[in-house]
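So the structure is just underneath, and the comments pick up after that.
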Amino acid sequence: MATEEAERQGASRVSALHLKLGPLSGVVKEALQFSYDVACRDTLLEGSQLIIEEVPIVIHCATCQTDAFIESIQSFRCPRCGELSHEIKQGRDLQVVALELEGIEEFAT
Amino acid sequence: MSEQPRMVEVRQNVLKQNDLLARALRDRFEAAGVLVISMVSTPGAGKTALLEYTLSRMHSDGLRVAALVGDLATENDARRLARSQAPVKQIVTGTICHLDADMVQRALKDWTLADFDVLFIENVGNLVCPSSYDLGEHLRLVLMSVTEG
């Protein structure tokens, strides 16, 4: 996905990839960091930095009619009223947010 | 050539491709009028056992049922389920611990969906990554094994 975008932009190298990662994505940050360099080998991303933004879980509480952060994936209860919630607003994220690209030809306008 | 790296916004979900495929599958299931139920559980909770019984029962009741069954290595589950006389196809995932929408799509290639009333998809026995992948199913059934806690 990153290679495609970099090619579309005409970049010769990707120096960093910004990724949003939620605790419910099923992806472990450390494992991803570890495998990233291997996955980037022989691509435009070789030697690039993986910058991970960890986002907390946000649930919607139907009782309080508000969104709330929760601390642990062990308990999906509203921190205000204690009601259980199954409505997950954020936390499943595994999103490529941005790329830092190098070597883009600048055309004079 | 620019000296400074340029920041380009992408905002693409890594699993977007799967979501698109799953949506296309769901549309096909709807159009064919087939109810699709996927099953997930920890290993050994009894997905295949439940399906074995359910397929036989539904098949002998005259319902047109079929099943796709995912496993890492063997075709044993498909052989077990095929005894019900219902059409069954194994998806051998190799080293992959879940099914994704593309695997389901490929497995369905030589079946005509309109031939079925109900299609079961038995996922690989694992409750971690199978939960992230939409397969285009209408219902997802989770089996709990009490002895495993």
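In what follows, chains carry the letters A, B, and so on, assigned in the order in which the sequence lines appear, proteins first and then strands, with residues in each chain numbered from 1.
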Residue of the set B:Leu15, B:Asn13, B:Val14 for which side chain to side chain contact (heavy atoms under 4.5 Å, CB included) holds with A:Gln95: B:Asn13

B:Met7 side, atom CE; A:His18 side, atom NE2 - distance, nearest 0.5 Å: 3.5 Å

Nearest-0.5 Å distance, CG of residue A:Leu101 to CZ of residue B:Arg6: 8.0 Å

Quick check: is [Y] connected to [X] through a chain of hydrophobic side chains (ILVMFWY, heavy atoms under 4.5 Å apart)?
X: B:Leu113; Y: B:Val69; answer: no
X: A:Leu45; Y: A:Leu32; answer: yes
X: B:Phe29; Y: B:Val65; answer: no
X: B:Leu68; Y: B:Met39; answer: no
X: A:Ile73; Y: B:Val142; answer: no

Heavy atoms from other residues, nucleotides or ligands near CD of A:Glu71 exceed 12 (cutoff 6.0 Å): no

Heavy-atom pair with the smallest gap, counting every atom of A:Leu99 and B:Val10: CG-CG2, 3.8 Å

Nearest heavy atoms of A:Ser25 and B:Ser132, plus distance in Å: O-OG, 3.6 Å

Residue, of B:Glu9, B:Gln17, B:Gln12, B:Lys16, that accumulates the most heavy atom pairs under 4.5 Å with chain A: B:Gln12

Residue part contacting chain B, namely of A:Glu5, when any heavy atom lies under 4.5 Å: side chain

